[in-house]
Amino acid sequence: MYLLLAAHPHGATLQEVTQAGDPHPEAPEPRLISAKELAAVVRRLEQQGGQPPRWIWHRTRDWYPALLASGVELDRCYDLSLCGSILAYSQVTAHTEYARNADKITLDDLQQPLRALQPPPASAEQGALFDDPGHRSAPRHTAEELRAEYAAQQAALVSASPADNRRKRLQLLLAAESAGAMIAAEMQHAGVPWREDLHEQILADYLGPRPPLGHRPAKLEALNTELRGLLNSPGLNPDSPQELMRALHRNGIEVKSTRQWELQESKHPAIEPLLAYKKLSRLHTANGWAWLDAWVTNGRFQPEYVVGGVVSGRWASRGGGALQIPRQIRGAVHADPGHKLIVADASQLEPRVLVALAQDSKMAEAAKGKDLYAGIAAQGFGGDRAKAKVALLGAIYGATTGESGRLMPQLTRTYPRAVGYVEQAARDGEAGGTVTTRLGRSSPPPSEGWFQSQQSTTAEEQRRADSIARSRGRFTRNFVVQGSAADWAACWLAELRRRLRAMRADGSVQAELVFFLHDEVMVHVPEAGVEACIVAIEEAAKAAKELLFGPIPVEFPVSVAVVDSYDNAK
DNA sequence: AATATATGCGCG
DNA sequence: AAAGCGCGCATATATT
């Protein structure tokens, strides 16, 4: 059953449609549901017997958080905004009317938030918000508009070529992207278990007691005093790069910037305390007491995950820097009593994805073991694992200089197919073309300005144009690998969600997905459910590989850690 | 005073 | 200007 939900000034319009997006011939007319009764109606439809419906809506993040807050969890959805973005740009559907009209319909339009249904009436009193005229505005999209949009998207999908399973894979991508949107909302709803007391202990150990507002913590203050002495700069504020640079120069430390890596080169006695200051200052400003106050509530860190926030298909995030939780404070991420955290990450995901994409059998040989870099080292780098790693990552990122640049010819000799694959992607990008991930997400085309920049006349302009072209080549080179890895991760996540939901439904294991970061997931689970969860994580990884690549002889191993505290994972 | 850009650093 | 991709955030600094 396909149920379309559209915003309405007084709540929502519900309409049953066919898979293709036509009005359902036997279903009743579209039905108006008040904001107040929405959650209950959705729950009833979700739980009536048989296969749960697929909810079709403009944007998952406008609807789902409120439903979750009301205790309603759904099985499947179709996110018109996210799927529309993919279909509008995908080369798999580039020939369709949908793609041609895309900039008219379109993304700008689709990505505007719907204002009609504001966040959840979590309680009866808050429901009153809806009666406040100030919060009411006409919805941007009627049910009919959304139905037509859905029908157009399905038509585009159906007219994609079935050859080589491209259509099937694109369909899979749309399903995975929509599932990802639900998972993102569910993870935000659940939050990462965060022990404020442990976090404060960590801060106290590194920085000293919590200082009054606007003051440096004791340890930073002490380091600052030491620095001022060592650099003969009594008024120095080391947080000011300009002041710091001048002070360093006065003391004969000839750096061009105040970055760590450059400072490390100097032997001056002020360097050590300076680096220590920078390290601690970073902790204080980025994840100190202010961070804790702002982002952790009732023992949970609840960042917003932005599905579709990165063109490659990776997720972005908002609030609290969820994608950059530093190692220093991971000890504060701690399972509830009687629970464990299962932290699983896909080992060396991007290189393995490259192996599968390029069908490089020689590199697949190297990828047989758990440690791909060791395998590569044994085959072509005299057993030097570090070298092998630098070379391979350099190929994926487009390194031209430095050690990894120098190692490229050696890598190319041993693995012409794998290197050839990313080289081709780079050349496509340099020429202004677009590239596509395994499941069919395409890189955005260059802007018109880009093509203009390539029409250069003078030698100086030409140099600049080449540099811009190469930069785009590095982007497309990386896009095919990073984006296909994101395809894999999306399927992994969706498959894992399915399994966890099944276990929750049969009452066996109450496990929750609480964190996701590119190639890593965290599940919070009662101790008794740990084994079942590990199986689910591993099975989901296998399933993801099959879905993307079929039965090819490339493994995507996951490393799993069962811990009380995140800092004990890997 | 408000807003935009640069710097630096954290994560994958 | 860290070789070489992607992101977010806090602070300093520049611009209006």
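Heavy atoms only: backbone and side chains are in, while hydrogens, waters and symmetry mates are out. A note on names: the letters A, B, ... follow the listed sequences, proteins ahead of strands, and every chain is numbered from 1. Keep in mind the model is a prediction, meaning the values are calculated, not measured.
When heavy atoms are screened at a 4.0 angstrom cut-off, A:R472 is found touching no nucleic acid atom at all. A:I325 comes within 4.0 angstrom of the backbone, heavy atoms only, and of no base. In this structure, A:G320 reaches the sugar-phosphate backbone alone: every heavy-atom distance under 4.0 Å involves primed, P, OP1 or OP2 atoms, never a base. Across all strands shown, A:R477 has no heavy atoms under 4.0 Å from either base or sugar-phosphate atoms. Note on A:E403: nothing from the nucleic acid sits closer than 4.0 angstrom, heavy atoms only. Contacts of A:G405 with the nucleic acid, taken as non-hydrogen atoms under 4.0 Å apart, are absent. Note on A:R314: a base of the nucleic acid sits closer than 4.0 angstrom, heavy atoms only. Within 4.0 Å of A:L517, counting heavy atoms only, lie sugar-phosphate atoms of the nucleic acid but no base atom. When heavy atoms are screened at a 4.0 angstrom cut-off, A:F475 is found touching the sugar-phosphate backbone but no base atom.
At most 12 non-hydrogen atoms from other residues, nucleotides or ligands lie less than 6.0 angstrom from CG of A:N298.
Rounded to whole Å, the distance from CH2 on A:W261 to P on B:dG10 is 15 Å. Here the P atom of nucleotide B:dG10 and the NE2 atom of A:H284 are 16 Å apart, to the nearest Å. Taking atom CZ of A:R464 as the reference point, atom P of C:dA1 lies 13 Å away to the nearest angstrom. Computed from coordinates, the A:W291 CH2 to B:dC9 P distance equals 21 Å when rounded to whole Å. The CG-P distance, from A:N237 to B:dG8, rounds to 14 Å in whole Å. Counting to the nearest Å, the C1' atom of B:dT7 and the CD atom of A:Q260 are 13 Å from each other. If you take CZ of A:R216 and P of C:dA10, they are 18 Å apart, rounded to a whole angstrom. Rounded to whole Å, the distance from CD on A:E350 to P on C:dC5 is 13 Å.
Distances shorter than 4.0 Å separate some side-chain N or O of A:T258 from OP1 or OP2 on B:dG8. A close approach under 4.0 Å does occur between a side-chain nitrogen or oxygen of A:K278 and OP1 or OP2 of B:dC9. A sub-4.0 Å separation between OP1 or OP2 of B:dG12 and a side-chain N or O of A:R327 is present. Checking the phosphate oxygens (OP1, OP2) of C:dA2, no side-chain nitrogen or oxygen of A:K256 falls inside 4.0 Å. Side-chain nitrogen and oxygen atoms of A:R259 include at least one within less than 4.0 Å of the OP1 or OP2 phosphate oxygen of C:dA2.
Counting distance only, with no hydrogens placed and no angle test, the side-chain atoms of A:R282 and the base atoms of B:dC9 include a donor-acceptor pair under 3.5 Å. A donor N or O paired with an acceptor N or O is not found under 3.5 Å between the base of C:dG6 and the side-chain atoms of A:S312.
Taking the charged nitrogens against the carboxylate oxygens, A:R477 and A:E423 do have a contact shorter than 4.0 Å, which makes a salt bridge. A salt bridge links A:E495 and A:R498; the closest N-O separation between the charged side-chain nitrogens and carboxylate oxygens is under 4.0 Å.
Proximity of a side-chain donor or acceptor of A:N478 to a complementary backbone N or O of A:Y397 within less than 3.5 Å is not detected. With hydrogens and angles disregarded, a donor-acceptor distance shorter than 3.5 Å links the side chain of A:S443 to the backbone of A:V435.
Results of the side-chain contact (heavy atoms from CB on, under 4.5 Å) test with A:L341 over A:V563, A:V525, A:V192 single out A:V563 as the only residue that passes.
Comparing atom distances between the A:K279 side chain and each of C:dA12, B:dG10, C:dG6 picks out B:dG10 as nearest. Here the nucleotide nearest the side chain of A:S317, chosen from C:dG8, C:dA3, B:dG12, is C:dG8. In the set B:dG8, B:dC11, C:dC5, the nucleotide with an atom closest to the side chain of A:S257 is B:dG8.
Base pairing analysis places C:dC7 opposite B:dG10; the two distances defining the Watson-Crick or G-U wobble pair are each below 3.5 Å.
Remark: aromatic rings of A:W315 and A:Y305 are close, center separation under 6.0 Å.
Residue-to-nucleotide proximity on DNA chain C shows that, of A:D239 and A:S471, the 5′-proximal contact is made by A:S471. Nearer the 5' end of DNA chain C, as judged by each residue's closest nucleotide, is the contact made by A:T401, out of A:H518 and A:T401.
Taking the P atom of each, B:dT5 and C:dA1 are spaced 16 Å apart, rounded to whole Å.
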